[in-house]
Every structure is written in structure tokens, then in C-alpha cells.
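Data first, discussion second: the structure below is written as C-alpha cells.
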2 protein chains.
Amino acid sequence: MAKIDDVARLAGVSTATVSRALRGLPMVTPKTRDRVLSAAAELGYVASPSASRLAGGRSGSVGVVVPRVTRWYFATLVDAAEEVLRASGHDVLLFNLAGRQAATRRLFHGSGLHKRVDALILACVPRTAEDDAALDRLGLPIVVVGGRQPGWGSVCIDDQAAARAATEHLIALGHRRIAHLAGDAHDEFASNVHIDRTAGYRQALCAAGLQPEEALEVEAGFTIDGGARGMAELLRRGDPPTAVFAACDETAMGAMRTLREYGLRVPTDISVIGIDDHELSAVLGLTTVAQPAVAEGRLAASMLLEALTGSAKVHPIDVVVPTRLVVRETTGPPRLIPLPRAAGGEDGARDLSRWPG
Amino acid sequence: MAKIDDVARLAGVSTATVSRALRGLPMVTPKTRDRVLSAAAELGYVASPSASRLAGGRSGSVGVVVPRVTRWYFATLVDAAEEVLRASGHDVLLFNLAGRQAATRRLFHGSGLHKRVDALILACVPRTAEDDAALDRLGLPIVVVGGRQPGWGSVCIDDQAAARAATEHLIALGHRRIAHLAGDAHDEFASNVHIDRTAGYRQALCAAGLQPEEALEVEAGFTIDGGARGMAELLRRGDPPTAVFAACDETAMGAMRTLREYGLRVPTDISVIGIDDHELSAVLGLTTVAQPAVAEGRLAASMLLEALTGSAKVHPIDVVVPTRLVVRETTGPPRLIPLPRAAGGEDGARDLSRWPG
DNA sequence: CTGAAAGCGCTTACAG
DNA sequence: CTGAAAGCGCTTACAG
């Protein structure tokens, strides 16, 4: 492994010049630069990142922390952010919280981040006030995705508006008994997103003269299994809704799984709508409020790069990306004859000829 | 930011002792260790990773390179590997190839990996002989997932056996015209997996006395869109199959999307089976050959840790994890009356009451 | 068991 | 534009 001195010797210059030439700094004659470049190429020289980092004071990597990479939204975010970060020569350190509370606390307050990253993307990561203070002390550029924080950059959708749009779509179809499979406040994926979505749902209801009912709201969480359990709970309560607004597409998919197991038809018996436009929503025919996850990931990364490379200190900005209602096949007008209170039969589960239709 | 000298001064010892105590090395009196520990805690001392790495010679992070994090299998792998890596105090550097060929070549041959990682997980990454040589030159412990490489560790399923099991399931149901939506050789996700799966498909056919037909094999790729296109191509060829074995669940899902658009019923008109047991396969009722992706990710990470921390030089091993047929609702006996050659009608697309059933 | 000192391989003022 | 030298903050033989 060639080191910087080897290159310097071969090129007949000092290590300082090698360092400058290789990093494309000004103040190097083209001629000198060429000599250095070809010497480096000849030796297959690659600078040691830890040495550069120690001497230069920057780690060259940015941290991306997500609740769970396996969820569509976060995988998409990571994918998109990684591309722009990598293109700018940064490494990406992935922090996948995966519900490990202790690990999360340790990450924010311990040695997990210190001197390890130059900047941070925080996607829907629930944080306490102490967490925020600890993160601020790091003194790094930070962008939160799916939320907002004074002093940091942010990119998010208008969660209330998205939820309103979803609910209004249901109302416009004629639904009156509209349930909500909400995110869970005690859930590791929560952050503020679930609160806003629930608020939007209630706003739409009230605006239409409908009374939000406690019996129609279930804390399901942002996962398929959560959605499945939440839907089952809803059906167990009796007097089922004619439509369900799920906190996200994965929740909606879980709900569909349950409806199917109960032999209920979508949308004939119950309409379902989500938020996201998950890659598989088209396969399932799921009606949803789409959010541009790829653009969000790219934006977050770009904002960080700007803060990192910008000559002047950039003021962190908050950007709200647009959402868009995508009507597919899981929503339709309500049944004329309401479902019996004991909805569906277990034996209906095998009757696939009726599903989702 | 406190440095090691600050801790040394406060504890009244040398920096060497601080270093040893903090890393839990032997040869430190419990008493001394305690003094150091509390001094470090009092100062909120955290060692600079780049300094440790430069001095100690190891980067403290392991690289995980995947074709694309957004795919279920890779997201699951990354999630699982990250957990065990993080638990052992390692950082994980994510390399998401995302079809960027140039970036991939640069990663293997350039400065992307050099001195940046202590070990490497390569998941279904297609490599040339030169890539392998370059990676070998890195001198790191490497584990490949979904493949095998002399000198490196590996974890994979028996792809041929899995493909055989899927095809045999279809044959056992009475199918004779069985198509295959294969991975694509020119695809960035390919590696050797697609070759083995296609081979297994043909083996099962031959074993049952069926003749593999070129017209029944389409290179679709391991993605939803690829599966959708592949299925459309298959239908366009006329004389449609009664069953389709897709290279993976996402391919199968894409195929189902197309079938639905054509108004064809699953499994009544055409049966569909995949490989994976994707999180959403249960939602779709997709029959599949399940592979334990979480276990694979954990295993790969553990094998690396063993190589990293093992006192003796560990011999790289190859582990094959088991697969398991999961019969759900997208496979059934073939139609008694074959489909017309011009399969399906465009207008059938909206008739959801028949789908998938 | 503990310490003094060299060294890891770069980058960055500071001179020139 | 280029170089000599200090310094980044640790770890690791080497002594003791």
C-alpha cells in the first residue's frame, strides 16, 4: 500500500503538494498536478481515510438514521439519499433503529455519532427534548425528514392535508362511517407524523358535519401486521365502518389482509385508502395519497451537502413536498345495505373469487 | 470535547492506561480502571474514531453492499446484518449499487473500500474475475450472500432446489405448460442466482418428462416492473401457460399486476408461484418458496465478526440455509378448458370481483 | 500493572 | 506556487 511519501518521492515534490494536487485544490501548477496524478496512478495510491479525517477534521461520511430500513418509505429514502451522498464522495453510515430503544438513546447520547459523521439525516425518528439537545451539541448540519425542528433543515409532506385528502375522498364517495387505523403514539415509528394524520382525518370529518367517534379510531401502527391487527380490532367492535383510512399504505395492506381473512370484499363491503403510494400499491390496486419519497431523500441529502460545502453558512430551510390522490380500486361507494354487526364469516376466508373485488 | 490527555490528567494516569482501561483490555487494576472510567464519564469523553483507526489500524466499520436496498430481500438482509454488527460496536457502511455500473467498478477498484472497512458483505453483487482479484487484494474477511466464492465465506439457499420445489409444486397440481419469468443475465441484480433458478426449473420439467420450451421462458428480472413486463410478453406470445414460476416474489407480483390488467384470474386462469416469502406475499396470497432472509443477514454478519475477533484465523465456511414451500392461494389446478390464444380482454381490467381468485 | 515515546498517514498554517 | 514541520488524537511495542 503506497503512502503519500511514496507518491511525493516519485513525483519529486513534497507531501503537501501531493495532498493539494490530489484533492484538486488550487495553487498547484497544472504541470505539477499532472506529475502527481500520474505518480499516484502508477503506485495505485489511495489516501487513508482515517489519516485524512484525523488531520483534516472531517469524517467524510454522513449518517442516515431511520426507524427501520425494511419499510418501503425508509428504504426508498435511504436509496435516494445514498445516491446523491455517494456521488459527492461521502460514505453513508446507516443507523437502523429497529425498535431498539436503548440503542437509540445510546446513539444520541453516546459515542455513536461523535466525530463519526459530518452531517445527519433523521427520518421520522422520535426524539425527546434531551435527544434534541444532545444532537444540537454535536454541532452538525441536520435535516429531519417527516417533521420539523427549529434550527435544522427539514423536508416533509403536509401530513394533515394528506390525511384530509384521503378522508375527503371517502366522504365524496358517500361514506359516513369512516374508520381510521392510526399510527401509534408509543410506537418507535411515530414521531409527529401520526398525530398530524389523525388530526387531518378528524378535520375532514368535522368539515363534512360528521362526528369523530372514538370507536372508529384504532392505534394500529405503521406496519402491515399492525394494520392487520387494527382492522381485526375494528371488526370486533361491531357496527363496522363502510370505509377505512389507514395511516400509511403498509397499514392499509395489513387491513386488506384481515378483511380478506374475514371474507369481506374491498371495496364492495369496505373501502380502504392509505398514504404513500408504496411500490406494491399498484399491484394491490390500493387507492392512496402518494408522496414523493425519492424526491424527499434526494432533497434531504442535497440540503446537507449544501450546508457541508457551502462557502457561506447556509440557513436551514423547511421544504414541504406535494402529495397527490391516486384513485385505484380499493375505494368505491358504500354498500346500500349495511353489513351485519357480526361482520364476515371465518369460512369466507377461502372464497378468493371475491377478492379484492 | 475532552481528549484522552484530559482523561489521563484527571485520572492521574498515562494516556496508555486510559486507552487500555477504556477498551477493556486486561493488564489494568480494577481500581485504576474505575478511576479512568469515572474520569471519562465526568468529562463525557468519547474517543475520536479516526484517531483510533489511524493508530490502531482498523476502521471499526464493515461494508454491506447490495444491488438495491429497496428490494425486500436486501432490505431485510441489511436490517438483520446491521443489528448484529451494531451490537458488536461496528458501524455499517451501506453501498447501494442501484444499477450504477460505473460506480460499482469504481467501488471495487478505486478508493471506495480501501482502509474504509474491516470486512465486507457482498449480497448478490455480480462481479467479474478482475473484481474478485481486486477484492482479494483488499485482504479483508468477506462473506458473499447468495453465491459462493473460494476463499470467502458464504451463505445462500440452494437456488436450484428452491426452483425445483416451486416447479414441482406446479407439476403436482397437474400443470404441463409452465412458464418461467427468469432473472436477467444482463441485469445488475443477477449474480449467479438467476442461472441456478432457471436450471432448477428446467430440471424439474425434465424430471417430469416435460420439454423445456424457449417460448415459455422470459428474462424478466428480479423486480415488480420486470415481472409485469415479462408476463405481458408471455401473453403476447400466444398459447399462454397455465402456470408461471417467477424468479422471485417481486417478479411474481409484477406478473399478477399484468394478469389482473388483462382480466385473467389467479389461480383459475393461471397459477403463479415465486421464491422469497416477501412480507407482502401473505397479503397477496402468493404461493412461494420461502427463504429465511433475516437468518441469512444475521449469519453473514456473525461469520464476519468471528473472522474479525477470532484469535485463530478462521477458515471461511459455506452455509446453505433451508427453504420451505408455502402454499397459499395463487396456485391451483389448471383450467380444464385452455385459455383462448388471445388471452384476456383489455376490458376485463376493471372486473376486480374476479381477482385474484 | 503502568508509563514515555514513537508512530499511524495525512492536512494545514507558516514561510519562502 | 511549493516545502518543512507541526499537529490531528489515538495505540502499541518497549521498558520498567
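Just so it is clear, the model here is predicted, and its values are computed rather than measured. Below, read A as the first sequence line, B as the second, and so on, with proteins coming before strands; counting in each chain starts at 1.
- A donor and an acceptor atom, one from each side chain of A:Arg23 and A:Ser19, are located under 3.5 Å apart.
- Of all nucleotides present, none satisfies the Watson-Crick or G-U wobble test against C:dA13 with each distance under 3.5 Å.
- Dashed line: the shortest gap from a side-chain N or O of A:Thr17 to OP1 or OP2 of D:dG3 is under 4.0 Å.
- A donor-acceptor pair shorter than 3.5 Å can be found between the side chains of B:Thr128 and B:Asp131.
- Considering only side-chain N and O atoms, B:Thr32 lies under 4.0 angstrom from the phosphate OP1 or OP2 of C:dT2.
- Electrostatic pairing of B:Lys31 and B:Asp34 does not count as a salt bridge here, judged by no charged N lying under 4.0 Å from a carboxylate O.
- Closest to the side chain of B:Val13, out of C:dC1, C:dG3, D:dT2, is C:dG3.
- D:dA4 is unpaired under the criterion used here, namely a Watson-Crick or G-U wobble arrangement in which both key atom distances are under 3.5 Å.
- When only modelled atom types and interatomic distance are considered, A:Asp5 and A:Thr15 share no side-chain donor-acceptor pair under 3.5 Å.
- With salt bridges taken as basic N to acidic carboxylate O contacts below 4.0 Å, none links B:Arg105 and B:Glu130.
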Inset, instruction - At under 4.0 Å between heavy atoms, which parts of nucleotides 8-16 of chain D does protein reach? Answer with one letter per nucleotide, 5' to 3': B base, S sugar-phosphate only, - none. - result: BBBBBB---
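- With hydrogens and angles disregarded, a donor-acceptor distance shorter than 3.5 Å links the side chain of B:Arg33 to the backbone of B:Ala21.
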